[in-house]
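Throughout, protein chains are lettered first and strands after them, A, B, ... in sequence-line order, and every chain is numbered starting at 1.
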Amino acid sequence: MKLGLEFYKQDALSLAKNLIGKILVRKINEKVIKCKIVETESYIGPEDKACHAYNNRRTNRTEVMFWEGGHAYVYLIYGMYNCLNIVAGERDKPEAVLIRALEPLNEFEFLKENRKIKSNKLKDLTNGPGKLCRALNITKDLNGYDLVNGDELYILDNLEDVHIVSAKRINIDYAEEYKDKLWRFYIKDNAFVSKK
DNA sequence: GTACCGATGTTCT
DNA sequence: GAACATCGGTACC
């Protein structure tokens, strides 16, 4: 069953944990690509120095984080890669959950064609935030997309039991006392997690 | 296996 | 002009 508005209205920390194990669905033309979410990170403005919306910084880029939960926040990083976030919580509270890694469940050939890399390992297709966006053709066109009412990108519930562990977030050394927060979550021993 | 490096563009100082 | 929530290739163990 598709996750509804109430699910996305929880705070980013709970949402990051509760998104683990859920099924991300990407519809492109007639293809319906399904992937299990195996790794996430919380970004909680205005207090979090690692968050783009730290100190309530509200710009064209961060605007979507201020929207109601259930929207996609997609931004460009290092000039080459897009990153997909799920906006959490209430309107005017800038919180989001970064999707860091996915486990593909179908359409493996489609994902591989999008990635254009030498590796033949399935896990190399989606074990990082920039990689999974390229594999699923997620670009800034989807920034602000409505995951509750849209059908090109949405998330399905999954009742499967998962063993979640928490860890420090990745590559935010500039965030001072917030860099060591255990705001990253992933499925223990899952091969598709980006970093142990 | 690890280490380094370049690619690339938007945002903010 | 610098920084940046990254990645893939190459070089070397």
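- The distance between atom NZ of A:Lys121 and atom C1' of C:dG9, rounded to the nearest whole Å, is 14 Å.
- For the pair A:Asn143 CG and C:dA5 P, the computed distance is 16 Å after rounding to whole Å.
- Separating the CD atom of A:Glu176 from the P atom of C:dA5 is a distance of 14 Å, rounded to the nearest angstrom.
- Within 4.0 Å (heavy atoms only), A:Lys140 reaches sugar-phosphate atoms of the nucleic acid but no base atom.
- A distance of about 16 Å separates the P atoms of B:dG6 and C:dA2, rounded to the whole Å.
- Each of A:Leu136, A:Leu132, A:Asn106, A:Leu122 was evaluated against A:Leu111; a single residue qualifies, A:Leu136, per the side chain to side chain contact (heavy atoms under 4.5 Å, CB included) test.
- Of the candidate nucleotides B:dT8, C:dT6, B:dC12, C:dT6 has the atom lying nearest to any side-chain atom of A:Ile77.
- The side chain of A:Ile172 has C:dA5 as its nearest neighbour among C:dA5, B:dT8, C:dT6.
- The salt bridge (Lys or Arg N to Asp or Glu O under 4.0 Å) search around A:Glu95 returns none, not counting sequence neighbours.
- For A:Lys131, whose side chain is taken as the heavy atoms from C-beta onward, the closest listed nucleotide among C:dC7, C:dA5, C:dG9 is C:dC7.
- Ring orientation note: the planes of A:Tyr75 and A:His52 are nearly perpendicular, at an angle over 60° on the 30°/60° scale.
- Taking atom CH2 of A:Trp183 as the reference point, atom P of C:dA5 lies 15 Å away to the nearest angstrom.
- Among the atoms of the strands shown, only primed sugar atoms or phosphate atoms (P, OP1, OP2) are found under 4.0 Å from some heavy atom of A:Gly130.
- Between A:Arg169 and A:Glu41 there is no salt bridge, since no side-chain N of the basic residue sits under 4.0 Å from a carboxylate O of the acidic one.
- Between A:Leu132 atom CG and C:dC7 atom C1' the separation is 12 Å, expressed in whole Å.
- A:Arg61 has its CZ atom 7 Å from the P atom of C:dA5, to the nearest Å.
- Between the CG atom of A:Leu84 and the P atom of C:dC7 there is a distance of 13 Å, rounded to whole Å.
- The phosphate of C:dT10 (OP1 or OP2) has a side-chain N or O of A:Lys118 nearer than 4.0 angstrom.
- The aromatic ring of A:Tyr78 does not sit over the base of B:dG9; the criterion of centres under 5.5 Å apart with planes under 30° is not met.
- Between A:Ser119 and A:Val97, the residue whose closest nucleotide on DNA chain C is further toward the 5' end is A:Val97.
- Counting only heavy atoms from C-beta outward, the side chains of A:Thr126 and A:Lys131 never approach each other to under 4.5 Å.
- Listed for the A:Asn158 side chain is no donor-acceptor partner under 3.5 Å among the backbone atoms of A:Lys22.
- Side-chain nitrogen and oxygen atoms of A:His52 include none within less than 4.0 Å of the OP1 or OP2 phosphate oxygen of B:dT11.
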Inset, instruction - Toss me the dot-bracket line for DNA chain C: Watson-Crick and G-U wobble, both under 3.5 Å, 5' to 3', using | for pairs to another strand and [ ] for crossers. - result: ||||.|||||||.
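- Side chain of A:Tyr43, nearest nucleotide from B:dC12, C:dT6, C:dA5: C:dA5.
- Contact annotation: the side chain of A:Ile20 approaches that of A:Ile187 to within less than 4.5 Å [non-hydrogen atoms, C-beta and beyond].
- A salt bridge links A:Asp92 and A:Arg58; the closest N-O separation between the charged side-chain nitrogens and carboxylate oxygens is under 4.0 Å.
- In the set B:dT8, C:dT6, C:dA5, the nucleotide with an atom closest to the side chain of A:Asn85 is C:dA5.
- Comparing B:dA7, C:dC7, C:dT6 by their closest approach to the side chain of A:Arg115 singles out C:dC7.
- Between A:Phe192 and A:Leu125, every side-chain heavy-atom pair lies at or beyond the 4.5 Å cut-off.
- The side chain of A:Pro129 lies closest to C:dC7, out of C:dT10, C:dA5, C:dC7.
- Side-chain nitrogen and oxygen atoms of A:Arg134 include none within less than 4.0 Å of the OP1 or OP2 phosphate oxygen of C:dG8.
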Give me, pair by pair, the N or O atoms of the protein and of nucleotides 3-5 of chain B that are less than 3.5 Å apart, along with how far apart they are.
none

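- Across the protein-nucleic acid pair, A:Glu39 atom CD and C:dA5 atom P stand 16 Å apart, rounded to whole Å.
- Nucleic acid contact for A:Leu76: sugar-phosphate only, since backbone atoms but no base atoms lie under 4.0 Å from a heavy atom of the residue.
- For the pair A:Asn171 and C:dA5, the criterion of a side-chain N or O lying under 4.0 Å from OP1 or OP2 is not met.
- Evaluation of atom-type donor-acceptor distances gives no pair under 3.5 Å for the side chain of A:Tyr174 against the base of C:dA3.
- Contacts of A:Arg184 with the nucleic acid, taken as non-hydrogen atoms under 4.0 Å apart, are absent.
- Among C:dG8, C:dT6, C:dA5, the nucleotide with an atom closest to any side-chain atom of A:Tyr81 is C:dT6.
- In summary, of the residues considered (A:Ile99, A:Ile23, A:Ile86, A:Val148), a side chain to side chain contact (heavy atoms under 4.5 Å, CB included) with A:Ile155 occurs for A:Ile86 alone.
- Using a distance-only test at 3.5 Å, with no hydrogens or angles considered, a donor-acceptor pair links the side chain of A:Arg26 to the main chain of A:Glu152.
- Panel note: side chain A:Ser194, backbone A:Ala101; no donor-acceptor pair is recorded below 3.5 Å.
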